[in-house]
Amino acid sequence: MTENKIRILEPVIADQIAAGEVVERPASVIKELVENSIDAGATKVRVEIDGGGVNRIRVADNGAGIPREEAPLAFKRHATSKIARLEDLEAVRTFGFRGEALPSIASVSRVTLRTRTADDVAGTVLTLEGGVPGGVRDAGCPVGTDIEVADLFFNTPARLKFMKKESTESGHCAEALVRIALIRPAVSFTFTTQGRKTRDLPRVERPGERVAALFPGESLAISESDRDGIGVLAILGPPQRAKAGAGSLYTYVNGRFVRDRAILRAVTQAFAGTLEPGRYPVGYISMTLPPGSFDVNVHPQKTEVRFADPSAVYRALTRGVGEMVSSSVWSIGAPSREEPLTNSGVAEEPIEYRRESADRPLIAPPSTSAPGSHIPSGERAPLPSSGIGGPVRREAVPQRPLREGPEGKFSAMRYIGQAKGTFLVLEDDDDLVLLDQHAAHERVTFERLRRQLAAGGISSQRLLMPHAVDLGPAETERIEELEERLGSLGLDISRAGPDRIAIHSVPAELAGASPDRLLADMVLALESSREGSRGDTDDGVLATMACHTSIRAGRAVDPREVESLLKEMDEIDFAGHCPHGRPVLARITWNEIRRRVGRE
Ligand code: ADP
Ligand code: MG
């Protein structure tokens, strides 16, 4: 500690420090370079990597190119052609605007830039090593920009140590490209790793086509809505195909990829009751907001966003996506007796077409003559009601509507056993029945909760010790306001500090559930029902609660448990209101089975 005088850092050192924020790993370089290509108006972008991107990354585009005299400037900090004044930020339409990426990348690698504009006769080649410019020379090259970044972090060994396995880094690189490719269907992209082309995404007309290309075999539905000036285009897979974590749900605000907890919560809410906790649908949601109503200038990697009116965004999402879910466009629903489901029905229509104002189709409805022609690869999404496995695996099970009224005697059925750890196999004289044990339990729980609420309040079970949940002050306050309402639903809470809520008891029906998650989900459900986004307030909240039923798929069941479940199901009026419309069982008649094995 001899020389602790204040001094201005050398620009290269400052760039290396900034690089820590901008360039976390090879994938960050790809993100920045590909974004620059798009900002430059490229319609073709080629990405190549070697050694997980640590050894070499190359991004070549056919964009506008950089004029000879500006090329060295592009590698100076805060050098940007995209904004000039602070006010420009509000209306910024390009990905970049900070002028930080190129100097940061260059400071921790060896860069070769080849570029030419349409006006330049000769191309420019520029090299830098650890941010120090080598030289500028002429070269023949096509219009556009081609940047090669070699030996990433060669001069920052501490960073290099953090790099994961080559395959992991390659995966992140490919993911960085996917995030951009989804929102830019009009640009063609290729991705090559170790000389092998692993992605080839030709230019397409509509977002749905790009989404379909990136989610081969997925059954996708589209909905487009516009409320309070917020446009929502959602292209999503069905709840049955939801994944643990939000990794396959790509969300965008005005063309920028964002990761935002409030957006995810709204999606969960819109899928009310059809998703297991912690699961999210696969697909894509692109929101369009008026400029100035959000701020992306929150983080250098810019995946966070701040909304001026978060509740309007929340409403637009829960409604837009919610309509898609409630009309259940993927699901085969419960066909009428007169129209038994045929095997061709849903299986051949991987994309459902739906749009509120049908002036211009986003995706042409697939024709029956060329089923699923725009889905590139063979794998078909399993049918919503037929995740059954075994010999019926890829075919729709002909279904009949659940019997109406109290005459449905589930308890009179013979229980044969459990299949796939998920289905209870039952039989009676007419049918073979496969009952989804989790869905059935959820349904029964929902009915019990509904009855208790109608009788004055949901009974609760006290926790041995209060369960503390730490939150932000605003959230704590919002939850505190719901104390009474939550209490009537069996969740007793109190404020236990400026940023803390204590949970004292949970609904007895959900005794095994995680109190934190239950609280989060119930608050969401209550808040959105207050905003009037769902029709039947209580049912929406109860369906959300029933989701926390502890009997999950994959669990072995005791025959006595089955017996009591069936008895309870007898008491449920299946013709009545169903919390989320997911079929609880699949039925196949013995006649159908006889016919299939040629006995008739
Ligand atoms: P930003 O994108 O925030 O402006 P960058 O450091 O990423 O900052 O890039 C600096 C400048 O270099 C850009 O503003 C742009 O003028 C130019 N540039 C970078 N990449 C390209 C490219 N692929 N094609 C044309 N110009 C580019
Ligand atoms: Mg940039």
Side-chain angles (χ1 to χ4, degrees), residues 11-12 14-24 26-48 57-86 88-109 111-120 123-128 131 133 136 139 141-149 152 176-177 179-181 183-184 187-190 255-257 296-303:
V12 168
D15 287 339
Q16 283 180 357
I17 293 170
E21 292 213 358
V22 181
V23 190
E24 192 193 346
S28 342
V29 175
I30 294 197
K31 171 187 179 283
E32 295 296 341
L33 297 183
V34 174
E35 286 186 351
N36 279 347
S37 296
I38 296 198
D39 286 347
T43 57
K44 277 191 191 144
V45 179
R46 276 187 297 140
V47 179
E48 295 170 15
I57 291 171
R58 181 174 169 209
V59 174
D61 67 49
N62 65 348
I66 307 175
R68 156 71 58 99
E69 61 283 5
E70 287 179 24
L73 204 61
F75 291 91
K76 293 246 188 313
R77 266 187 106 188
H78 308 305
T80 177
S81 54
K82 300 170 193 174
I83 59 168
R85 296 164 309 155
L86 192 61
D88 296 345
L89 253 191
E90 282 221 333
V92 69
R93 294 200 182 281
T94 50
F95 280 115
F97 53 79
R98 291 166 188 262
E100 267 182 351
L102 290 187
S104 299
I105 293 167
S107 73
V108 291
S109 66
V111 168
T112 309
L113 167 81
R114 289 184 182 79
T115 187
R116 182 161 83 84
T117 65
D119 295 339
D120 281 335
T124 304
V125 179
L126 188 122
T127 54
L128 295 101
V136 184
C141 56
V143 172
T145 302
D146 178 338
I147 299 191
E148 192 169 88
V149 175
L152 189 64
L177 186 67
R179 287 180 180 180
I180 300 174
I183 197 75
R184 300 291 164 151
V187 178
S188 75
F189 295 93
T190 59
R256 242 178 239 285
F257 177 84
V296 287
N297 191 18
V298 179
H299 188 272
Q301 293 193 21
K302 296 181 288 253
T303 60

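First listed ligand is number 1; within each ligand, the first listed atom is number 1.
The shell of residues lying under 4.0 angstrom from ligand 1, judged by heavy atoms, excludes Gly63.
No donor-acceptor distance shorter than 3.5 angstrom exists from the side chain of Arg114 to the backbone of Asp146, with no hydrogens or angles considered. Panel note: side chain Asn62, backbone Thr43; a donor-acceptor pair is recorded below 3.5 Å. Checked by atom type and distance alone, the side chain of Asp120 never pairs as donor or acceptor with a backbone atom of Pro67 at under 3.5 Å. Panel note: side chain Thr145, backbone Ala60; no donor-acceptor pair is recorded below 3.5 Å. Judged by distance alone, with hydrogens and angles left aside, the side-chain atoms of Arg116 form no donor-acceptor pair with the main-chain N or O of Ala64 at under 3.5 Å. With hydrogens and angles ignored, the 3.5 Å screen pairs a side-chain donor or acceptor of Thr115 with a backbone N or O of Ile66.
At under 3.5 Å, a nitrogen or oxygen of Leu102, whether backbone or side chain, sits near a nitrogen or oxygen of ligand 1.
Contact check for Val136 versus Arg68: side-chain heavy atoms found under the 4.5 Å cut-off.
When non-hydrogen atoms are compared, ligand 1 lies under 4.0 Å from the side chain of Thr145 (C-beta onward) but not from its backbone. Using a 4.0 Å cut-off between heavy atoms, Ala101 contacts ligand 1 through both its backbone and its side chain. Neither the backbone nor the side chain of Ala64 has a heavy atom within less than 4.0 Å of ligand 1. With a 4.0 Å heavy-atom cut-off, ligand 1 is reached by no atom of Thr94.
Atoms of ligand 1 lying under 4.0 Å from any heavy atom of Gly99, numbered from 1 in the order shown and given with element: 1 (P), 3 (O), 4 (O), 6 (O), 8 (O). The distance from ligand 1 to the heavy atoms of Gly65 drops below 4.0 Å at these ligand atoms: 25 (C). Heavy-atom proximity to Ala74, at under 4.0 Å, picks out these atoms of ligand 1: 10 (C), 12 (O). For ligand 1, the atoms sitting less than 4.0 Å from at least one non-hydrogen atom of Pro103 are 6 (O), numbered in the order shown with element in parentheses.
The structure places CG of Leu113 at 8.0 Å from CG of Leu102, a figure rounded to the nearest 0.5 Å.
Proximity annotation for atom 7 (O) of ligand 1: of Val34, Asn36, Leu33, Asn36 comes nearest, heavy atoms only. Of the listed residues (Ile66, Val59, Asp39), the one carrying the non-hydrogen atom nearest atom 17 (C) of ligand 1 is Ile66.
Inspection of the environment of the Mg ion (ligand 2) yields the following protein N, O or S atoms under 2.8 Å: Asn36 OD1.
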